[in-house]
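Working notes, structure below.
In what follows, residues are counted from 1 in the order of the sequence shown.
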Amino acid sequence: MNVAKSGYRVFSANSTAACTELAKKITERLGVELGKSVVYQESNRETRVDVKESVRGQTIFIIQTIPRDVNTAIMELLVMAYALKTSCAKNIIGVIPYFPYSKQCKMRKRGSIVCKLLASMLAKAGLTHIITMDLHQKEIQGFFSFPVDNLRASPFLLQYIQEEVPDYRNAIIVAKSPSAAKRAQSYAERLRLGLAVMHGEAQCSESDMADGRHSPPCVRNTSGHPGLELPLMMAKEKPPITVVGDVGGRIAIIVDDIIDDVEDFVAAAEILKERGAYKIYIMATHGLLSADAPRLIEESTIDEVVVTNTVPHEVQKLQCPKIKTVDVSMILAEAIRRIHNGESMAYLFRNITVDD
């Protein structure tokens, strides 16, 4: 394709080489060259972006993968978007496979909804559309004042299970907490497999403080309001860990959207082994794999961790051969092509339900 006449450009806003790999794969599939730009850090860690070609009247796609240095990546994206906006780009579309701060999308005590703040910053910088993948909560799309296409990685992970997991018909899909049950149910129904749900002290405590009802503290205080006594909320007490469903003699496949700190997954794998599962697989869209995650996975009873390349994790793969990667550049490239050509995005969401 002739880039000069195609009416759109594809740029990478990352300053590190490891983070541009996904952008290169997408442009190869599209048959275009990566836009000429320089993104770097000054000696005082300020972000500088220089766009080396004209973008006037063009539709621009900025591909930004999020490495461990999340805040630097965000600033790179904001500065790049603003540079393109002031260079008279017609439309600026962010391709952000893993949307950062997506876990901070609910009020927690006296905290803030940082995901909403980031959405406002991106709009102010000049973005007019976002392509992302498997948002932590689908309701995040409501934070934006412009369109958001939330693509799904599940077709690629389902294909991996069918092609790469031996005897997958003897598998059972596992949700490591009740909050992950809908995602697990979707996988189980599509693969025609059974479903198991784990519940108890090993589950993630993210939802415990999600709605801000712990603020202010529950202290019985009737001074100034005699006769007013609000009922005191009882403290939660988690039951012992239980597995609802029979995993004995089965391959257990735990599915989730993000795998970051892996302690919960390791604990879940140990419980499943005790219940008789003979192989443990972890399937997740975004493999952040922070801190000692590769070492913990290598030393655990987990047989394989399968993630997509929405987040760069080549270093972690060198540390732990159990980590496998599924390429999702195909669907991201197709989304870019369809948006540029004004085609419907419905094809990319076929057979996708509200709960997926």
Side-chain angles (χ1 to χ4, degrees), residues 14 16 18-26 63-70 73 95-100 102-103 131-136 150-165 168 171 173-177 180 183-184 186-187 190-191 204 251-269 272 279-332 356:
N14 288 113
T16 56
C19 296
T20 61
E21 290 302 316
L22 180 60
K24 290 177 181 177
K25 288 183 178 180
I26 291 173
I63 301 172
Q64 181 70 330
T65 52
I66 307 297
R68 288 188 178 185
D69 191 354
V70 176
V95 182
I96 314 169
Y98 167 65
F99 195 80
S102 58
K103 285 188 175 182
I131 302 170
T132 187
M133 181 167 282
D134 281 338
L135 287 169
H136 187 57
N150 182 28
L151 304 176
R152 305 296 196 274
S154 52
F156 297 90
L157 296 174
L158 289 167
Q159 183 181 33
Y160 184 94
I161 293 172
Q162 292 173 314
E163 296 179 356
E164 303 295 334
V165 176
Y168 83 92
I173 305 299
V174 180
K176 73 177 180 66
S177 66
R183 181 183 301 272
S186 174
Y187 276 70
R190 282 170 166 74
L191 293 168
C204 178
I251 300 170
I253 302 176
I254 303 174
V255 297
D256 213 334
D257 62 328
I258 299 173
I259 177 167
D260 189 0
D261 297 322
V262 299
E263 286 85 354
D264 286 349
F265 290 94
V266 171
L272 292 170
K279 271 193 176 181
I280 311 291
Y281 286 81
I282 310 291
M283 299 278 169
T285 303
H286 310 296
L288 306 186
L289 302 169
S290 301
D292 293 330
R295 179 183 61 81
L296 293 174
I297 292 170
E298 185 65 24
E299 296 172 355
S300 73
T301 57
I302 297 170
D303 292 280
E304 200 167 279
V305 174
V306 182
V307 294
T308 72
N309 57 343
T310 56
V311 177
H313 53 266
E314 294 304 316
V315 174
Q316 291 90 327
K317 287 180 69 175
L318 294 174
Q319 297 171 345
C320 177
K322 292 182 179 181
I323 300 172
K324 308 296 181 183
T325 306
V326 175
D327 181 23
V328 293
S329 62
M330 180 189 300
I331 192 171
L332 294 170
D356 287 334

According to side-chain hydrogen bond (donor to acceptor under 3.5 Å, both in side chains), who are the partners of [X], at least two apart in sequence or on a separate chain?
| X | value |
| --- | --- |
| Asp260 | Ser290 |
| Asp69 | Thr72 |
| Asp134 | Thr285 |
| Glu299 | Arg295 |

(message) Whether the side chain of His286 engages the backbone of Met133 through a donor-acceptor N/O pair (distance < 3.5 Å, no angle test) should be reported.
(response)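 Between the backbone of Met133 and the side chain of His286 there is a qualifying donor-acceptor contact (under 3.5 Å).
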
[X]: partners by side chain to side chain contact (heavy atoms under 4.5 Å, CB included), with sequence neighbours left out:
| X | value |
| --- | --- |
| Glu314 | Lys317 |
| Glu21 | Lys24 |
| Asn309 | Leu22, Lys25, Thr325, Asp327, Val328 |
| Val70 | Ile66, Ile74, Pro100, Tyr101 |

(request) With sequence neighbours excluded, tell me which residues meet ring pair (Phe, Tyr, Trp, His ring centres under 6.0 Å) with Tyr281. (result)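 For Tyr281, no residue satisfies ring pair (Phe, Tyr, Trp, His ring centres under 6.0 Å) once neighbours in sequence are set aside.
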
(request) Go through the structure and list residues passing ring pair (Phe, Tyr, Trp, His ring centres under 6.0 Å) with His313, not counting sequence neighbours. (result)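 Once residues adjacent in sequence are excluded, His313 has no partner under the ring pair (Phe, Tyr, Trp, His ring centres under 6.0 Å) criterion.
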
(request) Check each of Thr65, Thr308, Thr132, Leu288 against Tyr98 using the side-chain contact (heavy atoms from CB on, under 4.5 Å) test, and report the only one that passes. (result)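 Single pass found, and it is Leu288.
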
Would you tabulate the side-chain donor-acceptor contacts of residues 153-164 under 3.5 Å, counting partners in other chains and residues two or more places apart, or write 'none'?
unit_1, atom_1, unit_2, atom_2, d
Gln159, NE2, Glu163, OE2, 3.3
Tyr160, OH, Glu304, OE2, 2.6

(message) Holding to salt bridge (Lys or Arg N to Asp or Glu O under 4.0 Å), I want the full list of residues that pass it with Arg68, two or more places apart in sequence or in another chain.
(response)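 Partners of Arg68 under the salt bridge (Lys or Arg N to Asp or Glu O under 4.0 Å) test: none.
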
